[in-house]
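Worksheet: one structure, shown below.
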Amino acid sequence: MKKKLKKNKNSWLKIWEKKGTELKSSKIENLINASGFDSKFGEFNEKNWKRYIRAIFKNIKIKKNAEILEYGCGAGSFLSFWYGKNYKLSGVDYSKSLITKGKKYFPKINFRVGESLELQNFQSNFDLIISHSVFHYFRNYTYAKNLISNMLSKLKTTGIICILDVPDKDMEKSFKFKLKKELGNYEYKKKYKKTNHLFYKKSFFKDIAIENNLNIKIFKHSSKFNLNSKYRYNLILKFK
């Protein structure tokens with residue numbers, strides 16, 4: 001099992017490194033595709049991307065000059081929504097090629113290459129910590145749980161953690177059925193043979209909230225711009 005999980009991690013890393021290497025401009029559509037939204041279920045343009053993010057954060061107040069951190073930031077497609085405004089932005093990703101492009105396109109963002117433990121190297125704590133469409137790429141549930149612990153250690157007492165676009169375990173069969181139908185069995189097996197996705201029961205996050213004395217809010221975000229969102233959910237974690 002450990003060898004399989006390690007292989008899965010290395011396979012995903014190769015994919016993200018390739019995307020970073022092939023990324024040629026800061027055009028938002030290119031950045032979005034480099035973040036994995038280049039499938040038949042998740043295509044965006046700049047206008048729809050901004051609408052998509054606004055819809056997620058419509059009920060979340062972010063104060064001016066807030067310190068925002070994204071885990072799994074890629075080259076900065078999600079953080080670019082706040083770029084050039086009065087926010088202090090930071091991002092972590094394990095793909096060196098994507099971070100290199102991010103630093104080039106968004107020099108005011110504090111980008112770092114690394115994984116979960118890299119969060120401890122930031123000097124300040126954050127008002128908002130985001131991880132968007134990332135948790136399904138993790139090697140196992142233990143990694144996800146440890147990441148949340150590291151997020152909490154870098155969160156201000158009034159801060160918010162937003163974990164977004166999480167694959168719903170209860171919808172896994174429906175999603176895979178649709179994906180196989182869309183791609184065909186051969187293409188599906190070829191694409192996902194070495195790159196498995198993790199699906200999460202909502203109880204996984206609810207248990208973490210109980211263990212850490214947190215408030216949790218889980219909400220759907222079914223977007224016409226991201227057809228995958230039908231099979232996923234978002235959640236917010238805050239200190240009580």
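Residues: numbered from 1 along the sequence shown.
- Under the 4.5 Å side-chain contact rule for hydrophobic residues, Leu119 and Leu117 do not share a cluster.
- Under a 3.5 Å cut-off, the side chain of Asn125 and the backbone N or O of Lys156 do not form any donor-acceptor pair.
- Under the 3.5 Å distance criterion, the side-chain polar atoms of Lys217 are left unmatched by any main-chain donor or acceptor of Leu237.
- The environment of Lys85 atom NZ is dense: over 12 non-hydrogen atoms of other residues, nucleotides or ligands sit within 6.0 angstrom.
- Shown here for Lys108 and Tyr83, the closest heavy-atom pair between the two residues is N-OH, 3.2 Å.
- Residues passing the ring-ring contact (aromatic ring centres under 6.0 Å, His included) test with Tyr143 are Phe138, sequence neighbours excluded.
- Judged by distance alone, the side chain of Lys240 and the main-chain N or O of Asn213 form no donor-acceptor pair under 3.5 Å.
- The main-chain N or O of Asn65 is never found under 3.5 Å from a side-chain atom of Asn86 such that the two would form a donor-acceptor pair.
- Side-chain atoms of Glu46 do not come within 3.5 Å of backbone N or O of Glu29 as any donor-acceptor pair.
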Given Lys101 and Leu31, is the side-chain contact (heavy atoms from CB on, under 4.5 Å) satisfied, shown in steps? CA-CA 10 Å; Lys101 294 295 174 67; Leu31 292 173; over 6 Å; no
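- With hydrogens and angles disregarded, a donor-acceptor distance shorter than 3.5 Å links the side chain of Glu17 to the backbone of Ser97.
- Judged purely by atom type and a 3.5 angstrom limit, Tyr141 has no side-chain atom pairing as donor or acceptor with the backbone of Phe204.
- Gln120 and Asn150 form a side-chain donor-acceptor contact under 3.5 Å, judged by distance and modelled atom types alone.
- The closest donor-acceptor contact from the side chain of Asn212 to the backbone of Ile208 lies under 3.5 Å.
- Ring-centre distance between His136 and Phe175: not below the 6.0 Å cut-off.
- Nearest heavy atom pair, residue Arg232 against residue Pro167, reads CG-CA, 3.7 Å.
- Nearest approach of Lys220 to Asp168, heavy atoms of both residues: NZ-OD2, 3.8 Å.
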Mind running side-chain contact (heavy atoms from CB on, under 4.5 Å) on Arg112 and Ile99 for me, showing each step along the way? CA-CA 7 Å; Arg112 297 191 183 192; Ile99 290 295; over 6 Å; no
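- Applying the 6.0 Å contact sphere to CZ of Phe219 captures more than 12 heavy atoms from other residues, nucleotides or ligands.
- In this structure, the side chain of Tyr71 engages the main chain of Ser116 through a donor-acceptor pair within 3.5 Å.
- Of all heavy-atom pairs between Cys73 and Asp93, the closest is N-OD2, 3.4 Å.
- In this structure, Trp12 and Trp16 have parallel ring planes: the angle between them is below the 30° cut-off, well short of the 60° mark.
- A cation-pi arrangement is present between Lys202 and Tyr233 under the rule of less than 6.0 angstrom and at most 45 degrees off the ring axis.
- The two residues Gly76 and Phe106 come nearest to each other via the heavy atoms O-CE1, 4.0 Å.
- Of the possible donor and acceptor atoms, none in the side chain of Ser131 sits under 3.5 Å from a partner among the backbone N and O of Val134.
- By the 30° and 60° cut-offs, the orientation of the rings of Trp49 relative to His132 is perpendicular.
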Before you tell me yes or no, could you show the steps for Tyr137 and Ile15 under side-chain contact (heavy atoms from CB on, under 4.5 Å), namely the whole-Å CA-CA distance, both residues' side-chain angles and the distance that decides it to 0.1 Å? CA-CA 11 Å; Tyr137 298 120; Ile15 289 172; over 6 Å; no
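- With sequence neighbours excluded, the residues that form a side-chain hydrogen bond (donor to acceptor under 3.5 Å, both in side chains) with Glu172 are Lys169, Lys176.
- Minimum interatomic distance between Glu115 and Tyr94 (heavy atoms only, all atoms of both residues): CG-CB, 3.7 Å.
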